[in-house]
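We number each residue from 1, following the sequence as shown.
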Amino acid sequence: MDVESTAISEIDYDAERAKLMVRFSSGERYVYVGVPGEVHRSFVEADSKGRFFQLHVRDRYPFNRLEA
């Protein structure tokens with residue numbers, strides 16, 4: 001889903017696998033694993049996606065960078 005943010009352009013979530021996919025405005029894409037559905041919902045609803053990401057996702061879940 002596309003989002004309005006200066007830092008993040010897209011957020012997707014695979015509930016069955018608890019994987020959060022984030023595309024940054026730079027075009028880089030990452031997948032974060034073990035992310036609860038509530039974190040995803042709160043992320044989508046956050047007024048500041050970048051701030052939410054920094055406080056609640058970055059450095060809290062294992063991740064992999066996806067190739068372009």
- Take V57 and V22, measure what side chain to side chain contact (heavy atoms under 4.5 Å, CB included) needs, and give me the verdict at the end. CA-CA 10 Å; V57 178; V22 179; 5.6 Å; no
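- No chain of hydrophobic side-chain contacts below 4.5 Å, direct or via other Ile, Leu, Val, Met, Phe, Trp or Tyr residues, connects V39 to M21.
- Residue-environment remark: CD (E4) stays at or below the threshold of 12 foreign heavy atoms within 6.0 Å.
- Counting heavy atoms from C-beta outward, H40 and I11 have side chains that approach closer than 4.5 Å.
- Closest approach of A7 and G50 over heavy atoms only: CB-CA, 4.3 Å.
- You'll find the ring centres of F53 and Y30 outside the 6.0 Å limit.
- R29 is not listed as a side-chain neighbour of R65, based on a closest heavy-atom distance of 4.5 Å or more.
- With Y13 contributing its side chain and V35 its backbone, the two residues share a donor-acceptor pair below 3.5 Å.
- Taking 4.5 Å as the limit, some side-chain heavy atom of S42 sits within range of a side-chain heavy atom of F52.
- Among all heavy-atom pairs drawn from V44 and M1, the shortest one is CG1-SD, 3.6 Å.
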- Query: Should V31 and L20 be marked as a side chain to side chain contact (heavy atoms under 4.5 Å, CB included) after you check the CA-CA gap, both sets of side-chain angles, and the distance that decides it?
  - Reply: CA-CA 6 Å; V31 60; L20 177 72; over 6 Å; no
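- Listed for the K19 side chain is no donor-acceptor partner under 3.5 Å among the backbone atoms of G34.
- Counted within 6.0 Å of OH on Y61, heavy atoms from surrounding residues, nucleotides or ligands total more than 12; the atom is thus considered enclosed.
- The distance from atom NZ of K49 to atom OG of S25, rounded to the nearest 0.5 Å, is 12.0 Å.
- Contact annotation: the side chain of S5 never approaches that of F24 to less than 4.5 Å [non-hydrogen atoms, C-beta and beyond].
- For R17, the salt bridge (charged side-chain N to carboxylate O under 4.0 Å, His left out) test picks out D14, with sequence neighbours left out.
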- Evaluate side chain to side chain contact (heavy atoms under 4.5 Å, CB included) for F43 paired with H56, printing each intermediate quantity in order. CA-CA 8 Å; F43 190 11; H56 301 286; over 6 Å; no
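- For E10, the side-chain hydrogen bond (donor to acceptor under 3.5 Å, both in side chains) partners two or more places apart in sequence, or in a different chain, are R23.
- Distance CG/D2 to CD1/I8: 12.5 Å, rounded to 0.5 Å.
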